[in-house]
Amino acid sequence: MRLTGSWDDTYAELDRKYIVQTSALPIERCLQMTTDPGDLVLDPTCGSGTTAYVAEQWGRRWITIDTSRVSLALARARIMGARYPYYLLADSKDGQQKEAEITRTAPSSKQTTNNIRYGFVYDRVPHITLKSIANNSEIDVIWDKYQLELEPLREALNNEIKKSWNEWDIPREAEEKWSDKAKELHKKWWDKRILRQKEADASIAAKAEFEYLYDKPYEDNKKVRVAGPFTVESLSPHRALTVGADDELIDPANKKAEFEDEQDFVHIILENLKTAGVQQAHKEDKINFISLTPWPGDLVCAEAKYIDEKDSEKRAAIFIGPEFGTVSRPDLVSAAREAADAAFDVLIACAFNYDAHSTEFEKLGRVPVLKARMNADLHMADDLKNTGKGNLFVIFGEPDIDLLNAENGQIQVKINGVDVFHPNTGEVLSDGAEGIACWFIDTDYNEESFFVRHAYFLGANDPYKSLKTTLKAEINQEAWDTLNSDISRPFDKPKNGRIAVKVINHLGDEVMKVYRV
Ligand SMILES: C[S@@+](CC[C@H](N)C(=O)[O-])C[C@H]1O[C@@H](n2cnc3c(N)ncnc32)[C@H](O)[C@@H]1O
């Protein structure tokens, strides 16, 4: 049999965000051929997230995986910024209404629950057979209805032109020599005649057997849809031990090559740290080093010096986290202890990620612990131009919040700002809420994954306007007002005793802190 189903319209994506980005169309087709709304789609090599993007659009759940941070960042941004059409759900009042309209039946009175598993209301193509026409009694009703109007017109026309034409004798075009009245009657008769045919055809189509077009659901053009909530997870910090051919553990100290790699990483990071300094929310609080020299500690790997506002020299101990993985609280505590023993003024930790518990660790004795987040660009440090321009090391202070008691035993969170270290005075002070772009609460934090259960948007950059522009839609002002607030809506006390607050600034830096309630 000749195969006619080849897809020759699935070109490569032209507007690529990722070098190997797949075009959406083939993924969309595969998804529609093999799944129903509500099903789960897995793409273990997601790249820029095309599968997830398409799955969101078609109401499928999804899990995507990739080994590359670049692709995960792209996928995350792509899904967060996506804007989708709103498809009518079969299991909804609007959907029932639409279905009734298409099938010319009374709307279903079944209770609706907006369950996507019942699918959308789809466009369909009829399979018209003689049987379906013969069995369609609605055509007779339509015929009778039009006959009441067509017959008087035909009689009047016959009178005017002195004929005794039957319906099938009436020509499509009027004759030149006819009177204006005859021409008008002729036109009216044909207009009605065509309407009758159209209505009969529509009835035949509606009552015939049909096939759903699963890629053509009906849209509600008044609604805009964005992606549903999703989480981005990464592996827990882990250490890999290497075993030899006979399963014996290989002593890491003897693994010269790997050790050298690690040295390279630390070396490159220190080089960048020396030129870039450590950025904070305010320019005036930037820490610029006058020197940075290696330090023979266990965890502290360098000594960095800077001048405070009284012109006295301060010594910072530098701790660099792993190239891949997360810094945990015990690592930080040990590093701080080392720094205190060696009489440093402050510990500056630099890492790609910190675990949730380390956010609560701010000070050991008199030594403040500053947690700088390293920019992911530093993963490519070999190829990175060391210009000192990028925000490579950013300290984003701790969220400063008050817990307020609300009615009925509920609580509310008020965000005052973030605590910022002032290198000139050595103090940690709370900054106002202006520096915060948005903040989220997980009102029942499980110590593993942060679920955004409340989201609020603050900030000087008129987030309302940006959101309106992004969504190209009007946003209900009242609903928006509840999101544009430094005080949360009231919520129940967490069952497991902890809430987590995540704060994001205008540069996209984020920090999370866990609070016991
Ligand atoms: C061809 S791309 C996928 C493109 C994707 N369909 C899109 O539209 O952007 C393949 C992806 O697989 C990822 N990858 C390679 N080996 C992997 C592995 N072992 N586990 C997970 N992801 C992997 C790569 O990082 C790359 O992003």
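Note that ligands are numbered from 1 as they come in the structure, with each ligand's atoms numbered from 1 the same way. Hydrogens, waters and symmetry mates are skipped; everything else that's a heavy atom, side chains included, is used.
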Using a 4.0 angstrom limit on heavy atoms, which residues are close to ligand 1?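 For ligand 1, the residues that come within the 4.0 Å heavy-atom cutoff are Tyr18, Val20, Gln21, Thr22, Pro44, Thr45, Cys46, Gly47, Ser48, Thr50, Asp66, Thr67, Ser68.
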Could you pull out every donor-acceptor pair under 3.5 Å between side chains of residues 213-222 and any protein atom, sequence neighbours left out?
| unit_1 | atom_1 | unit_2 | atom_2 | d |
| --- | --- | --- | --- | --- |
| Tyr218 | OH | Asp123 | OD1 | 3.2 |
| Asp220 | OD1 | Lys222 | N | 3.0 |

Taken in chain and number order and not counting sequence neighbours, the residues that satisfy ring-ring contact (aromatic ring centres under 6.0 Å, His included) with Tyr118 are none
Partner set under ring-ring contact (aromatic ring centres under 6.0 Å, His included) for Tyr18, not counting sequence neighbours:
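None.
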Between Asp355 and Ser328: side-chain donor-acceptor atoms closer than 3.5 Å = no
Indicate whether the side chain of Arg29 and that of Thr10 have a donor and an acceptor atom separated by less than 3.5 Å.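 There is no such pair (donor and acceptor under 3.5 Å, judged by atom type) between the side chains of Arg29 and Thr10.
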In this structure, OG1 of Thr103 is separated from CZ of Phe210 (nearest 0.5 Å) by 7.5 Å
